[in-house]
Structures are given as structure tokens and as C-alpha cells.
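What follows is a single structure, written as C-alpha cells, with notes after it.
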Amino acid sequence: STLGASAAERGGRYFGAAIAAGRLGDSTYVSILNREFNSVTPENEMKWDATEPQRGNFTYTNANRIVNHALGQGMKIRGHALLWHAQQPGWAQGLSGSTLRDAAINHVTQVATYFRGKIHSWDVVNEAFADGGSGGRRDSNLQRTGNDWIEAAFRAARAADPGAKLCYNDYNTDGVNAKSTGIYNMVRDFKSRGVPIDCVGFQSHLGNSVSGDYQANLQRFADLGVDVQITELDVAQGSNQANVYATVTRACLAVSRCAGITVWGIRDSDSWRTGENPLLFDASGNKKAAYTSTLNALNGG
Ligand code: G3I
């Protein structure tokens with residue numbers, strides 16, 4: 001009957017949306033959110049620039065608007081994102097070395113502690129791998145503090161909120177390729193050394209098609225002993241949009257450790273992909289063909 005209810009009937013999965021605090025006064029938006037979704041991800045409100053605009057000065061007003069709405073509706077919350085090379089506050093962009101490392105780990109500890117007990121899954125580290133064929137890390141100020149920055153972040157997050165699932169999240173990982181294999185190797189290494197990681201997020205910002213080995217790629221990560229989550233799904237508008245949404249949904253359902261799917265916005269007009277109409281509802285809030293194909297897939301069609 002709805003995306004969230006149908007996903008819940010499929011092994012207790014969630015179906016979520018990225019939402020913006022600034023849209024919670026929009027009644028069309030909120031009615032779709034409350035009807036269809038049982039999980040939310042703050043689109044920007046938990047990022048480093050939003051939560052620690054000055055060093056050591058934490059602000060959670062907008063994040064809490066989302067958290068309070070979600071908790072009031074019984075929705076899960078995906079926290080996004082504790083550390084990322086983008087959307088850092090200016091003061092952090094100006095740091096390096098051990099000063100930046102200490103500030104970053106303190107940020108993880110403070111934010112994860114503040115929201116302790118409320119977050120289903122945290123994107124602890126976002127987009128740390130390079131695009132292209134290297135399979136290696138992306139260069140960033142965080143990476144330049146030492147290759148162990150990712151595991152340090154996961155250990156700090158675990159200590160701060162032991163009940164949250166801790167995820168690594170990235171894009172262009174929608175099949176078996178050099179980038180996804182680099183991440184796969186990191187996760188395998190973390191599992192072998194006891195670094196606390198519970199899940200891998202596949203953003204899934206897709207064009208007109210999806211890789212034929214999308215499901216197989218999810219499965220190889222699941223076989224390492226982590227959950228997988230589709231975390232930022234959106235698909236270019238076009239003749240194949242509804243099919244791509246259905247294919248991704250079926251892939252998640254076919255992988256027992258795929259915990260749920262999040263779309264990156266509610267209406268096309270809410271999307272970061274301006275003009276691409278990549279979401280499940282049109283600008284007026286009407287269900288699109290992609291909505292119907294997704295719901296049918298959730299219901300076994
Ligand atoms: O809040 C300011 C506002 O005060 C200002 O007037 C306005 C002027 O441009 O900018 C506003 O900030 C914007 C923010 O979204 C909130 O709307 C930023 O400029 C804009 O860059 C930011 O874009 C976000 C983007 O991440 C930043 O990298 C998108 O909304 C958000 O959808 C997007 O999400 C990312 C995920 O976090 C990670 N994966 C990729 C995904 C898409 O890029």
C-alpha cells in the first residue's frame with residue numbers, strides 16, 4: 001500500500017527519503033513523507049559544516065527538527081555524514097596534520113554522542129575513495145592526516161554510540177569496478193582486524209541504466225559479513241527510469257543483508273539534480289510511473 005509498509009513486510013526492511021528541515025513546513029511534502037516513508041536521512045543538516053560551524057561550537061537546531069519529526073512518526077534515522085571531504089566548515093578546511101585529525105575525531109565523538117540512541121545507521125565516512133581505475137583513496141585533507149583516519153573514525157563512532165550501525169558510504173559503486181573493489185578490500189581488512197564496521201552504503205545516483213552486476217556487487221559485500229544499504233537512490237528521468245528503480249529494488253530484496261533503500265529526496269522539485277526529475281513523485285506530489293514500479297517490486301512484482 002505504501003513504500004514503507006511494503007518494505008517492512010519484506011523482512012523488516014525500511015524505505016526512506018532524504019529530507020530537508022526547511023521543507024517540513026510544506027504540507028504536501030510532509031503528507032507524502034509521513035504516508036510513504038519509514039526512514040529519513042537529513043540531506044545536509046548533520047554534515048560537519050552544519051553541526052560544528054565554529055570549532056567546538058556545536059549546533060543541532062536543524063538536525064533536531066528532522067530527528068524530532070522522525071521520532072514522532074516512528075521512523076528510523078540514517079545519520080549522514082560524520083566525516084567527508086566536502087561540506088567541511090571553513091575552519092576545518094584550514095587545518096592539517098594532527099590538528100585536523102584531532103578535530104575530526106572529536107567531531108565524530110561529539111556528534112555521535114549527542115544523537116546516541118536515536119540513529120539507526122551512521123554514514124561514518126562518506127566518499128573517501130577515488131573515482132577511476134586506481135581503486136585507491138581520494139586525496140583530501142583528511143586522507144593526508146594518514147591512511148588510518150577511516151578506522152579511527154569508526155572506532156570513535158562505535159565508542160560514542162554502540163547501538164548505531166556504522167556504515168561506509170560512496171557513489172559510483174553500483175557494480176563490480178575498481179572503486180567498489182577498493183572499498184571491498186578495505187571492508188575485508190577492517191573485518192579481519194576487528195575494526196568496527198557494520199554496513200556499506202551504495203549511494204546509487206544512477207543514469208538511464210544500472211550495471212548488470214548491481215545485485216552481485218551488493219552480495220559480495222554482504223558475504224564479508226556487513227549489511228548493505230541503498231542510501232541515496234535517484235535515477236535520471238527517461239524511458240527506463242521506472243525499470244531502473246524496479247531493478248534496484250529487486251536487487252535489494254534478493255540480498256538478505258540489504259537492510260533498506262533511501263531515495264535522495266521526495267519530489268522531483270526537491271532533488272539536487274535540478275532538471276533531471278530523478279525521483280518518485282512529481283513536483284505536484286503525484287506518484288510517477290517509477291513510484292508504481294518500485295511499489296510493485298517491493299510487493300514481489
Ligand atoms: O544553506 C545554504 C543557504 O544558506 C544558501 O543561501 C544557499 C546558496 O547556494 O546554499 C545553501 O547550501 C546548499 C545546501 O545544499 C543546502 O541547500 C549548498 O550551497 C549546496 O551545495 C548543498 O548541496 C548539497 C550537496 O550534497 C553538497 O555537496 C545537496 O543539497 C545534497 O543533496 C548533496 O548530497 C550529497 C550527499 O550528501 C553525498 N552524496 C552525494 C549527494 C549529492 O551531491
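In this chain, numbering begins with 1 at the start of the sequence shown. When a ligand or atom number is given, it counts from 1 through the structure's own listing order.
The aromatic ring centroids of Y60 and Y114 lie less than 6.0 Å from each other.
Scanning for side chain to side chain contact (heavy atoms under 4.5 Å, CB included) contacts around T113 gives T109, A160, with sequence neighbours left out.
Counting protein heavy atoms under 4.0 angstrom from atom 25 (C) of ligand 1 gives one or more. Within the 4.0 angstrom cut-off, atom 7 (C) of ligand 1 has no protein heavy-atom neighbours. In this structure, atom 4 (O) of ligand 1 has no protein heavy-atom contact shorter than 4.0 Å. Checking atom 43 (O) of ligand 1 against the protein gives a heavy-atom contact under 4.0 Å. Within the 4.0 Å cut-off (strictly below), no protein heavy atom is located near atom 21 (O) of ligand 1. For atom 18 (C) of ligand 1, the nearest protein heavy atom is 4.0 Å or more away.
One finds no salt bridge joining R23 and D26 here, because no Lys/Arg side-chain nitrogen approaches an Asp/Glu carboxylate oxygen to under 4.0 Å. Ionic pairing of R101 and D148 is present here: one or more N-O contacts between side-chain nitrogen and carboxylate oxygen are shorter than 4.0 angstrom. Ion pairing between R193 and E151 holds under the 4.0 Å rule for side-chain N and carboxylate O.
Counting only heavy atoms from C-beta outward, the side chains of N64 and F115 approach each other to under 4.5 Å.
The single protein non-hydrogen atom nearest to atom 36 (C) of ligand 1 is H80 NE2, 3.4 Å, given as residue, atom name and distance. Annotation: atom 33 (C) of ligand 1 to nearest protein heavy atom, K47 NZ, 3.8 Å. Atom 34 (O) of ligand 1 has as its closest protein heavy atom W264 NE1, 3.2 Å. Ranking the protein heavy atoms by distance from atom 41 (C) of ligand 1 puts E232 OE1, 3.4 Å first.
Residue-ligand proximity, N126 to ligand 1, at heavy-atom distances under 4.0 Å covers atoms 38 (C). The contact set between ligand 1 and Q203, taken as ligand atoms under 4.0 Å from a residue heavy atom, comprises 39 (N), 40 (C).
Neither the backbone nor the side chain of N169 has any atom closer than 4.0 Å to an atom of ligand 1 (non-hydrogen atoms only).
Of all the listed residues (H205, Q87, E127, M46), E127 holds the heavy atom that lies closest to atom 38 (C) of ligand 1. Nearest to atom 23 (O) of ligand 1 by heavy atom, out of D49, N62, D270, N44, is N44.
When each of T262, L3, I261 is checked for a side-chain contact (heavy atoms from CB on, under 4.5 Å) with Y14, only T262 meets the rule. T181 pairs with exactly one of T173, V176, N217 by the side-chain contact (heavy atoms from CB on, under 4.5 Å) rule, that one being V176.
Between E43 and ligand 1, an N or O atom pair is found at a separation short of 3.5 Å.
A pairwise comparison of heavy atoms in A251 and Y214 identifies CB-CD2, 3.7 Å as the closest pair.
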- What do the steps show when you test F221 against F202 for ring pair (Phe, Tyr, Trp, His ring centres under 6.0 Å), and what is the final call? CA-CA 11 Å; F221 279 86; F202 298 81; 5.1 Å; yes
